[in-house]
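I have placed the structure first, in the form of structure tokens, so that the comments after it can refer back to it.
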Amino acid sequence: MSDFLQSYGFLLVTLIQAGLLGLSLYFPLMAGQLSLASPGFYALGGYVAAIMLTNPAFAGLRDTLGNGIFPLTWLAAGLLCALAGVIVGVPALRLRGIYLALATIAFIEILRVVALNLSITGGAIGIFGIPQTFGFQDRWQYLLIFGPMLLLVLAFTYMLQKSRVGRAFRAIREDELAADAMGVPPTQYKVLAFVIGAVIAGIVGSMSAPFLNTWNAKQGTFDASIAILAFVLIGGSRSMWGPVVGGALLTAVPELLRFLQDWRLVINGLVLVVASLYLPQGIVGALGKLRRSPPPSRPPVAPTTDAKGGTP
Amino acid sequence: MNRTKLKVSAAAMLTLTACLAFAQKVENPVPIGVAVAQTSNTALLGQEQVIGAKFAEKFLNARGGINGTPFKLVFQDAAGDENSAINAFQNLITKENVVGIVGPTLSQQAFAADPIADRAKVPVVGPSNTAKGVPQIGNYIARVSAPVAVVAPNAIRTALRLDPKIKKVAVLYAQNDAFSVSETGTFQETAKAQGLTLSTVQKFQTTDTDFTTQVTAVLNAGVDLAIVSGLAADGGNLVKQLRQLGYKGLIIGGNGLNTSNMFPVCQKLCDGVIIAQAYSPSQPSAANQVFVKEYRAQYKKDPPQFAAQAYAGVQVFVEALRAVDRKKKLNTWDLDDLRTELNKQILLGKYNTPLGLISFDKDGEVVQKDFYVAQIKMKDAKTGSFVFLK
């Protein structure tokens with residue numbers, strides 16, 4: 001038992017982590033906004049946790065709270081990312097489509113350069129020697145926090161989709177002007193979707209910092225945004241299962257194919273190309289199509305011998 | 001239905017692996033893990049390490065391996081990111097049952113992956129991690145790569161010997177590269193300690209191609225020495241633009257520029273760049289001369305530092321294993337006990353490697369006697385060489 005978890009524990013957790021990051025991108029997409037800011041908030045959350053867990057300024061807090069410091073880092077990361085999400089979201093969401101995507105990329109770059117230049121973030125080397133959450137020794141034990149987090153986020157997404165807010169998101173996605181005319185304030189809901197994504201990414205980041213043992217500016221980069229976007233697109237952007245499936249698949253493929261050495265990256269590329277060519281709705285979208293009963297076809301034409309008039 | 005099947009087979013697999021894991025013996029040939037960057041942009045360095053490690057495997061096995069028992073290297077790609085390094089380490093530790101690991105390539109990766117090995121009590125020898133704090137990660141972590149703080153000052157001392165009139169210095173570094181940032185710190189401290197004035201400190205990114213701003217600042221400061229910490233592509237471009245815009249003084253390059261991959265970038269203008277080295281092909285020890293001869297025969301050029309360090313990393317494991325084997329035959333050891341014993345032995349031993357005679361202090365930090373300084377001499381636009389200065 002422990003051997004399997006020893007070998008694959010780290011991978012299992014990264015699968016969940018990828019799924020969660022995919023979900024954080026899924027929220028803005030739900031409201032029709034192509035935002036790539038998730039890695040920025042992920043990095044920010046990680047830095048919050050790393051600094052709170054290692055910086056001497058927080059030593060007193062750590063001593064008094066003991067293990068309680070870990071949930072506190074999640075809370076702090078979530079709150080800070082919510083705040084940053086509002087600050088970035090309100091001006092950025094005046095933009096649409098590709099321009100919003102560009103603005104969010106700029107946000108990631110700004111965060112990265114700032115992190116490289118501050119001494120509190122450890123510059124390019126980053127922060128290392130981060131204490132382990134609840135004294136975990138093995139990587140698989142992180143399933144105990146990432147697993148419930150995933151369930152929680154999925155449950156939240158499910159409920160949100162059924163709620164008034166979820167319907168408002170979809171209305172904006174389908175037609176912003178029409179939604180506005182129907183009395184759905186687009187800016188408010190778009191910012192809300194953006195902030196929810198930011199909070200999720202931030203909390204995932206704060207959980208990941210101890211998991212990776214170290215945190216540096218390479219964690220939130222433009223490359224990461226593209227990877228996360230691929231999770232959502234390959235998995236399917238119209239269902240909450242899409243990002244989870246896509247994230248898990250794209251993270252697992254290169255690792256499980258390690259025995260193929262360099263070829264594993266070729267296979268990974270093939271998966272991306274084939275999935276985007278043949279599954280435009282994503283994997284989950286394609287599966288959904290299979291399950292749905294085909295639309296009713298026209299009833300067979302009855303023999304019409306008697307209807308033929310004009311026989312002499 | 002499908003789900004229950006999956007669960008059953010997963011459970012079966014788990015019990016199977018659990019049984020296998022019980023009382024793990026050391027395999028024959030003895031597996032030693034190598035987790036360096038075989039893909040990603042870090043592979044430029046990692047490939048040289050792979051070559052060095054493979055040389056060690058061939059050569060040391062031909063000389064009897066571990067007192068007659070052969071060893072094999074198990075390679076896992078650690079790429080250039082933290083996740084891949086951790087995955088590679090996990091694979092080596094739990095699936096390949098290696099006795100120890102040589103890797104990873106980058107210091108940032110070491111900070112992520114080394115704690116994993118340390119907690120699993122598997123000895124690690126870092127072949128190229130030079131940042132401060134790596135051997136202090138844990139008891140099981142050592143490195144054969146001398147830290148920047150030890151290597152870099154030699155370049156400044158040599159520059160001062162070449163031109164004793166140097167007074168003003170400009171320092172330039174790639175701020176998004178962990179290695180360059182810690183290296184520039186050492187350069188700046190050394191320059192101050194030598195009584196030089198830091199006239200300007202300029203930052204750039206490893207992805208930059210235009211350095212007009214930095215070069216102008218250097219020229220305006222009227223310095224006699226420019227110290228560049230970056231990687232091959234950006235560092236080479238910076239050197240080129242410094243010369244093109246009329247900088248006449250000496251240039252010191254950091255370890256990132258310590259590769260012939262820079263020659264195509266700055267071409268003739270690379271000429272004269274001074275670089276401190278942890279390794280020299282002219283190091284006179286027998287171990288090194290054999291290594292250099294074999295390497296030249298196969299690749300038609302001198303072995304680079306990264307290859308020599310990876311070779312040394314494997315050699316440290318093999319010689320420590322020999323010492324352990326003399327005490328008690330390797331095939332009688334329990335794997336976990338062997339890893340612990342091996343770690344103790346690694347720190348105790350003295351090794352006659354291509355890097356010269358090395359040993360370790362109690363943290364696992366390498367103790368190396370000889371360092372070198374080389375100057376680039378370009379024959380034409382494409383080919384050049386590192387000429388070692390006395």
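The chains referred to below are lettered A, B, ... by the order of the sequence lines, with proteins before strands, and numbering in each begins at 1.
- For a residue to count as touching a neighbouring chain, one of its non-hydrogen atoms must lie under 4.5 Å from one of that chain's; by this rule Q76(B) touches chain A with backbone and side chain alike.
- For the atom pair CD of Q6(A) and CD1 of I93(B), the computed distance is 9.0 Å after rounding to the nearest 0.5 Å.
- At a 4.5 Å heavy-atom cutoff, the contact between L265(A) and chain B is made by side-chain atoms alone.
- For a residue to count as touching a neighbouring chain, one of its non-hydrogen atoms must lie under 4.5 Å from one of that chain's; by this rule A88(B) touches chain A with backbone and side chain alike.
- With a 4.5 angstrom heavy-atom cutoff, D177(B) touches chain A only via backbone atoms.
- Environment of CZ in F134(A): crowded, with over 12 heavy atoms of neighbouring residues, nucleotides or ligands closer than 6.0 Å.
- For chain A, the nearby part of L106(B) is the side chain; its heavy atoms alone come within less than 4.5 Å.
- Within a 6.0 Å radius of CH2 in W74(A), other residues, nucleotides and ligands contribute more than 12 heavy atoms.
- Taking each heavy atom of I125(A) and Q108(B) in turn, the nearest pair found is O-CG, 4.0 Å.
- Put simply, the side chain of Y8(A) reaches to within 4.5 Å of the side chain of K95(B), judged on heavy atoms.
- Scanning both residues, Q90(B) and F10(A), for their nearest heavy atoms gives NE2-CB, 4.1 Å.
- Note that the CG atom of N176(B) and the CG atom of N216(A) stand 11.5 Å from one another [nearest 0.5 Å].
- A distance of 11.0 Å separates CG in L92(B) from OG in S7(A), rounded to the nearest 0.5 Å.
- Heavy atoms closer than 4.5 Å to chain B are found in both the backbone and the side chain of Q137(A).
- A heavy-atom distance below 4.5 Å is found between the side chains of V113(A) and Q205(B).
- Of all heavy-atom pairs spanning V181(B) and A124(A), the tightest one is CG2-CB, 3.7 Å.
- When heavy atoms are compared at a cutoff of 4.5 Å, K203(B) approaches chain A solely by way of its side chain, counted from C-beta outward.
- Annotation: the span from I86(B) atom CD1 to L212(A) atom CG amounts to 5.0 Å, rounded to 0.5 Å.
- Of the listed residues (N117(A), L11(A), T14(A)), the one with the most heavy-atom contacts under 4.5 Å to chain B is N117(A).
- Top candidate by heavy-atom pairs under 4.5 Å with chain A, chosen from D77(B), N91(B), I137(B), is D77(B).
- Of the atoms belonging to T39(B), it is side-chain heavy atoms, and not backbone ones, that fall under 4.5 Å from chain A.
- Contact record, D81(B) with K218(A): CA-NZ, 4.4 Å, taken as the closest heavy-atom pair.
- Separation of atoms OG1 (T251(A)) and CG (N83(B)) is listed at 8.5 Å; rounding is to 0.5 Å.
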